[in-house]
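Here is the structure we will look at, set down as structure tokens.
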Amino acid sequence: MNQHISPVRTGYSACPHDCPSTCALEIEVEDGRIGRVRGSRGNSFTAGVICAKVARYAERANHPDRLTQPLRRMGAKGEGRFAPIAWDEALDEIAHRFRAAEQAHGPETVWPYYYAGTMGLVMRDGINRLTRAKGYSRFFSTICVNPAWSGFLAGTGKLAGPDPREMAKSDFVVIWGTNPVSTQINVMTHAIRARKERGAKIAVVDVYRSPTMEQADIPILIRPGTDGALACAVMHVLFRDGLADRAYLAHFADDPAGLEAHLATRTPEWAADLTGLPAEEITAFAHAIGRTKKTFIRAGYGFTRSRNGAVAMHAVSCIATLTGAWQHEGGGVFHSNSAIYAWNKTMVEGLDIPITARELDQSRIGAILTGDAEALLGGPPVTAMLIQNTNPVAIAPDQETVRRGFARDDLFVAVHEQFMTETAAMADIVLPATMFTEHDDLYQGGGNQYVILGPKLVEPPGECRSNHEVIVALAQRLGASHPGFEMSPRAHVDWLLQAKGRGTVDELEEKRFLDVQPDFDTAHYVKGFNWPDGKFRLKPDWAHSRYASPGKFGPYRDMPEWPDHWAVTEEANEDYPFRLVTAPARSFLNSSFTETEGSIAREKRPELLIHPEDAAGLGIGEGDLLTVASARGAVLLHARLFDGLRRGVVVAESIWPNRAHEGGRGINSLTGADPVAPVGGAALHDNRVRIGRV
Ligand SMILES: Nc1nc2c(c(=O)[nH]1)N[C@H]1C(S)=C(S)[C@@H](COP(=O)(O)OP(=O)(O)OC[C@H]3O[C@@H](n4cnc5c(=O)[nH]c(N)nc54)[C@H](O)[C@@H]3O)O[C@H]1N2
Ligand SMILES: Nc1nc2c(c(=O)[nH]1)N[C@H]1C(S)=C(S)[C@@H](COP(=O)(O)OP(=O)(O)OC[C@H]3O[C@@H](n4cnc5c(=O)[nH]c(N)nc54)[C@H](O)[C@@H]3O)O[C@H]1N2
Ligand code: SF4
Ligand SMILES: [Mo]
């Protein structure tokens, strides 16, 4: 008998990563370590399918480079020399430095900074409880969703839509500005079901022949930042060719006649000039959309990462209002279900603590750390930070400025991480973090309608501690009090569930997940949209965006009255003749998985996709090393000749670590941090660049 072999058991969890799919997982556990990870078949959205990078999660969880003990910086900032220290010593030092900073500049000099490296509600958002209890500068998250969400809300008034599984019941699936084959694989499961079971066609609107466009029946290849133009021309054709549902519009929209008049000049020919897509293809696309009420538009984030992104999202959402598709099963526009959960976050975030502290913009971390008075909102400099679940030195725009900020000797930074990221490498104190299988948390599907429990399945390696443990230990040392600091993560999950009448944590553990899909009429806005008069806003009120904002961002006063092509994108010019999109790489997830061999082997090296004719014009051959420069910085990439692009457009699949690029400058050296109207965000796919051989 071999007594050393323990049986394999299956643990149930949710994928914690920043991905709209939020897959329900079944995880093999053996000898206290995780093994194979599979998608749950019993979960109707996951439907047994997960992406390859998470299927090989053992590679990341059991990685030899995981941080397992607290570290203190030894050499100069960013030199990368650290020595192990005890947890108490590390926490005491952070508390001491935070107190000293506060004494010198007031509490707003401390800026806790986080993002969605874990989407667990307790581990991700708990840091806000410390921020509020101490009166530190608040964190206004902008980098990902703001243009998309504000654009969607401008029309419907609510961030929710038809059941995402209904895509399988659609007759025409439009995947607009998202690359689900890479970024949220389960969208494809349901789209392909519609094709197989109903003969539905799938259209994909993108700026390059993405892995998703490879699978499209109708590829709609446009120039970056021109989705508003395409949507307007589609609506022009719908009105012109009798495909608009005028009865629906009269009942459910604010000013259809005004929109029709406005669109009179937004012809397919007009849009063809802007988008690069021939007018006949635009007309055919509009006819396909108008031919059936069961057109399901799955609108993603990618097309909103432009300076006109919110306007584009709103324009796309108007299409279903013109056709009346919203009312039909398998019809409408789905972007996110974030509004359906409505958790009470009082305990997690300390929402009952009154606050007045300023709210600093996540995306402008470079300007903030380099002392830009406007970005600091007139307040004190930031001299102390705690960072959890994000890697801004690699992923934030305007990287040269971000680097200068982090290099400041008078800035104290503590980074809580799973790996020695490029942000951790700039820290004074590095703390080792647990992974999702090593702590309890609760997850919600952005791109579906499930609430999923992720219980602790294994012990963490070494001395790793969870975000919650770190926040509680710091609160204790800093004299911050709130009942949320006294609760365990499991008690927080229980509180969240009970506060919404969704049962208890024990019940959820039994069920694994809860389907909280609203009823058909609510999801399809059958009784009207989320405005006092129930009417969809074809003419949005941008100055009064429904999306939380501590002030208005970017040129919001100049936003167009109606859906339109808003010409504020960074167009190519003589100095910078190309338009660069920094689309996601399939085997990475933002800056995560860039440490795992399986992902690196698949992605190979940082490359620039460039049209063969553009390459020929510049004397560039396959594999050549290129300098790609914007007004903000430069990066080195290898050329990959690729004909699935409009001329003048280039794509770099990202986000590689900065150090993976020769020269050590990452892709975000090229991107800008100027805020997108009306509520901020980064126009990460909206860059003009020049390209030369090294
Ligand atoms: N493999 C992988 N998966 C991921 C991520 C990742 O980095 N890698 N990131 C995760 C995160 S944080 C998020 S928010 C989601 C985002 O997922 P998506 O909603 O898919 O958004 P993006 O990743 O920004 O870009 C998607 C597509 O938009 C295209 N695009 C760029 N500009 C335009 C444009 O102007 N018009 C149109 N029509 N298309 C355009 C890009 O070429 C790309 O193919 O994915 C998550 N999943
Ligand atoms: N050029 C360009 N830049 C981009 C984008 C792009 O498309 N192009 N996409 C943007 C988007 S949409 C986003 S959302 C951002 C995201 O960028 P990041 O915020 O960096 O995203 P992630 O890689 O998801 O997570 C960051 C870190 O969280 C850590 N982490 C995970 N779980 C835990 C935990 O429980 N505790 C602690 N302490 N740490 C944890 C991971 O190890 C990882 O290093 O990047 C943005 N930047
Ligand atoms: S598709 Fe998204 S949610 Fe599902 S396992 Fe992959 S990263 Fe996680
Ligand atoms: Mo994101």
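Ligands are counted one by one from 1 in listed order, and the atoms in each one are counted from 1 as well.
- Proximity annotation for atom 5 (C) of ligand 2: of I387, T118, L684, L684 comes nearest, heavy atoms only.
- Cation-pi contact between R124 and Y115: absent, since separation from the ring centre below 6.0 Å together with deviation from the ring axis within 45° is not met.
- Of all atoms in ligand 3, numbered sequentially from 1 with element shown, those under 4.0 Å from a heavy atom of V54 are 5 (S), 6 (Fe), 7 (S), 8 (Fe).
- Only the backbone of T22 comes within 4.0 Å of ligand 3, counting heavy atoms alone; no side-chain atom from C-beta on gets that close.
- For R465 and W87, the positive end sits near the middle of the six-membered ring, less than 6.0 Å away and at most 45° from its axis.
- In summary, no N, O or S atom of C19 is located under 2.8 Å from atom 8 (Fe) of ligand 3.
- Between the E93 side chain and the A90 main chain, no donor and acceptor come within less than 3.5 Å of each other.
- Figure legend: cation-pi geometry between R73 and F82 absent, as NZ or CZ is not positioned both under 6.0 Å from the six-membered ring centre and within 45° of its axis.
- Listed by atom number, the atoms of ligand 3 under 4.0 Å from I185 heavy atoms are 1 (S).
- Counting protein heavy atoms only, atom 6 (Fe) of ligand 3 is closest to C51 SG, 2.3 Å.
- Look at E595 and you'll find every heavy atom at least 4.0 Å from all atoms of ligand 2.
- For E417, the heavy-atom gap to ligand 2 drops under 4.0 angstrom.
- A heavy-atom separation below 4.0 Å is found between H685 and ligand 2.
- The shortest heavy-atom distance from M435 to ligand 2 is not under 4.0 Å.
- Contacts of T421 with ligand 2, taken as heavy-atom pairs under 4.0 Å, involve the side chain alone.
- Assignment of R124 to the shell around ligand 2 is not supported, since no heavy atom sits closer than 4.0 Å.
- Of the protein's heavy atoms, C23 SG, 2.3 Å lies nearest to atom 4 (Fe) of ligand 3.
- Within the cation-pi definition used here (under 6.0 Å to the ring centroid, within 45° of the axis), R690 does not qualify as a partner of F578.
- Ligand 2 has no atom lying under 4.0 Å from any heavy atom of L670.
- Looking at atom 8 (Fe) of ligand 3, its nearest protein heavy atom turns out to be C15 SG, 2.4 Å.
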